[in-house]
> 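Got a structure for you, written out below as structure tokens; questions coming shortly.
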Amino acid sequence: MGILEGKKALITGIANEKSIAYGIAKAFYREGAELAFTYANEKLKSRVKEIALEFGSELVFECDVSKDEHIKSLAQEIGSAWGSLDILVHSIAFAPREEFKGGVIDTSREGFKIAMDISVYSLIALTRELLPLMEGRNGSIITLTYYGAEKVVPHYNVMGIAKAALESTVRYLAYDIAKYGHRINAISAGPVKTLAAYSITGFHLLMEHTTKVNPFGRAITIEDVGDTAVFLCSDWARAITGEVIHVDNGYHIMGVFGREEDIKKEVFGE
């Protein structure tokens with residue numbers, strides 16, 4: 001029996017089998033959760049439906065989070081299908097591709113608005129509309145963030161600002177929803193080769209650097225994130241809320257040089 005047996009989870013943000021949200025869905029399914037999914041537009045509909053079937057689900061709903069009516073409709077559809085909800089996975093972030101090409105100083109007003117709306121406000125809106133379905137169920141919400149919220153990652157630009165706002169939003173929402181018995185946390189995942197990641201200029205160099213510098217000397221996987229999500233959404237994490245949990249093989253603890261063996265090789269030629 002899995003530790004999420006009997007729980008109902010809504011997964012947002014799956015684009016394909018390389019998505020972090022896919023890794024979370026896979027881990028949830030393994031641990032016994034029932035799953036429902038959203039897709040943002042018709043282009044993604046068939047792909048998400050195929051993934052849903054892989055996890056034994058036919059519950060796939062359209063939800064463009066830039067539209068309030070879509071979010072309200074989603075809550076109604078989940079209510080009709082399940083009557084309740086235990087877990088919300090918010091794996092949604094977006095900024096126009098051109099916002100990653102220069103620096104933050106080149107950010108357009110419209111690009112800033114889009115990034116904050118899709119990547120941050122959507123968490124508030126989804127939480128508000130879905131909260132009634134969690135009544136009496138000690139609900140859990142998780143969202144995905146990144147180290148670029150804490151430190152400068154060249155070309156991550158406005159998304160770094162959005163992720164910083166997202167992490168602050170997690171803390172404020174944690175305070176708001178605790179009175180209802182619910183929790184919310186963020187997972188700060190290391191770089192993963194997702195569809196969205198390739199919008200970032202020089203992403204391959206970022207992957208190479210973080211893999212080289214982190215203490216384990218290896219990249220993270222979507223399975224690493226999925227297993228952490230299972231823990232955070234289980235009763236084992238019942239006293240954890242408002243946190244940002246790093247799943248990056250320890251990259252965030254390191255200084256500029258990285259691992260000892262690399263320092264010896266590059267600095268001392270050993």
Side-chain angles (χ1 to χ4, degrees), residues 2-13 20-21 24-25 27-28 31-38 63 65 68 70-79 81-93 116-147 149-150 161-189 225-248 252:
I3 64 172
L4 297 183
E5 199 75 37
K7 293 188 181 293
K8 299 177 174 67
L10 175 64
I11 311 288
T12 69
I20 290 177
I24 294 173
F28 280 10
E31 296 299 330
E34 291 182 65
L35 305 179
F37 300 85
T38 68
C63 187
V65 294
D68 288 335
H70 276 217
I71 296 174
K72 290 180 184 295
S73 176
L74 172 65
Q76 291 170 357
E77 289 174 313
I78 291 291
W82 276 341
S84 61
L85 183 67
D86 298 283
I87 298 167
L88 167 63
V89 175
H90 175 270
S91 184
I92 299 170
M116 294 297 285
D117 182 26
I118 303 299
S119 309
V120 185
Y121 182 73
S122 62
L123 176 62
I124 297 172
L126 284 166
T127 299
R128 182 176 59 245
E129 295 301 328
L130 293 169
L131 210 61
L133 295 174
M134 294 183 173
E135 185 175 352
R137 300 185 69 86
N138 297 322
S140 181
I141 301 167
I142 55 173
T143 188
L144 279 299
T145 184
Y146 173 59
Y147 184 67
E150 305 170 45
I161 297 171
K163 291 297 188 185
L166 181 70
E167 292 182 10
S168 182
T169 299
V170 166
R171 292 186 284 272
Y172 276 90
L173 284 175
Y175 174 78
D176 281 353
I177 69 176
K179 68 184 101 178
Y180 306 112
H182 309 313
R183 301 178 297 109
I184 181 170
N185 294 286
I187 296 175
S188 183
V225 182
D227 288 345
T228 302
V230 165
F231 164 70
L232 287 174
C233 292
S234 75
D235 294 338
W236 292 354
R238 59 188 173 274
I240 301 175
T241 194
E243 285 289 342
V244 176
I245 308 294
H246 292 84
V247 182
D248 61 359
H252 71 286

> If you compare all heavy atoms of A162 against all heavy atoms of S119, which two are closest, and at what distance to 0.1 Å?
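Nearest heavy atoms, A162 then S119: CB-CB, 4.2 Å.
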> Between the side chains of D235 and K7, is the shortest nitrogen-to-carboxylate-oxygen separation below 4.0 Å, so that they form an ion pair?
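Judged by the 4.0 Å cut-off on N to carboxylate O distance, K7 and D235 do form a salt bridge.
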> When rounded to the nearest 0.5 angstrom, what is the spacing between NZ in K163 and OG1 in T169?
11.0 Å
> What heavy-atom pair brings C63 and L74 nearest, and what distance separates the two atoms?
SG-CD2, 3.9 Å
> Any idea which heavy atoms bring I20 and A189 closest together, and the distance?
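For I20 versus A189, the nearest heavy atoms are CD1-CB, 4.1 Å.
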> Would you confirm whether R183, through its side chain, and A237, through its main-chain N or O, come within 3.5 Å as a donor-acceptor pair?
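Side chain of R183 to backbone of A237: a pair is present.
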> Compare all side-chain heavy atoms of I92 with those of L126 and state whether any distance is below 4.5 angstrom.
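Heavy-atom side-chain distance check passes, below 4.5 Å.
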> Please report the shortest heavy-atom distance between W82 and L35, naming the atom on each side.
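Looking at all heavy atoms of both residues, the closest pair is CH2-C, 3.6 Å.
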> Which heavy-atom pair separates I78 from S84 by the least distance, and what is that distance?
CG2-O, 4.3 Å
> Show, in sequence, the C-alpha distance, side-chain angles and deciding distance for V244 and V170, and conclude whether the side-chain contact (heavy atoms from CB on, under 4.5 Å) test is met.
CA-CA 9 Å; V244 176; V170 166; 5.7 Å; no
> Any donor and acceptor pair, going by atom type alone, linking the side chain of S234 with main-chain N or O of F231 inside 3.5 Å?
yes
> Return yes if some donor-acceptor pair links the side-chain N/O of N185 with the main-chain N/O of G242 below 3.5 Å, else return no.
yes
> Got a second to check how far I187's CD1 is from Y146's OH, nearest 0.5 Å?
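Going from CD1 on I187 over to OH on Y146, the span is 16.0 Å.
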> Roughly how far apart are H90 NE2 and T127 OG1, rounded to 0.5 Å?
8.0 Å
> Within the distance-only criterion (no hydrogens, no angle test), does the side chain of E129 pair as donor or acceptor with the backbone N or O of K72 below 3.5 angstrom?
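Checking the backbone N and O of K72 against the side chain of E129, no donor-acceptor pair under 3.5 Å is found.
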> Give a yes or no answer on whether the side chain of T12 reaches the backbone of V89 with a donor-acceptor pair at less than 3.5 Å.
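Looks like yes, one N/O pair under 3.5 Å.
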> With a 4.5 Å heavy-atom cut-off, do I184 and T143 have their side chains touching?
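Side-chain contact under 4.5 Å: no.
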> To the nearest 0.5 Å, tell me how far H252 NE2 sits from H246 NE2.
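With rounding to 0.5 Å, NE2 (H252) is 4.5 Å from NE2 (H246).
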> Do the non-hydrogen side-chain atoms of I142 and C233 ever get within less than 4.5 Å of each other?
yes
> Please round to the nearest 0.5 Å and tell me the distance separating atom CD1 of I87 and atom CG of L130.
13.0 Å
> Of L85, I177, D86, which meets side chain to side chain contact (heavy atoms under 4.5 Å, CB included) against M134?
L85
> For T241 and A174, work out which heavy atoms get closest and say how close.
OG1-CB, 3.6 Å
> Which distance, rounded to the nearest 0.5 Å, do you find between the CD1 of I141 and the NE2 of H182?
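It comes to 7.5 Å.
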> I'd like to check L144 versus V225 (side-chain heavy atoms, cut-off strictly below 4.5 Å). Are they in contact?
yes
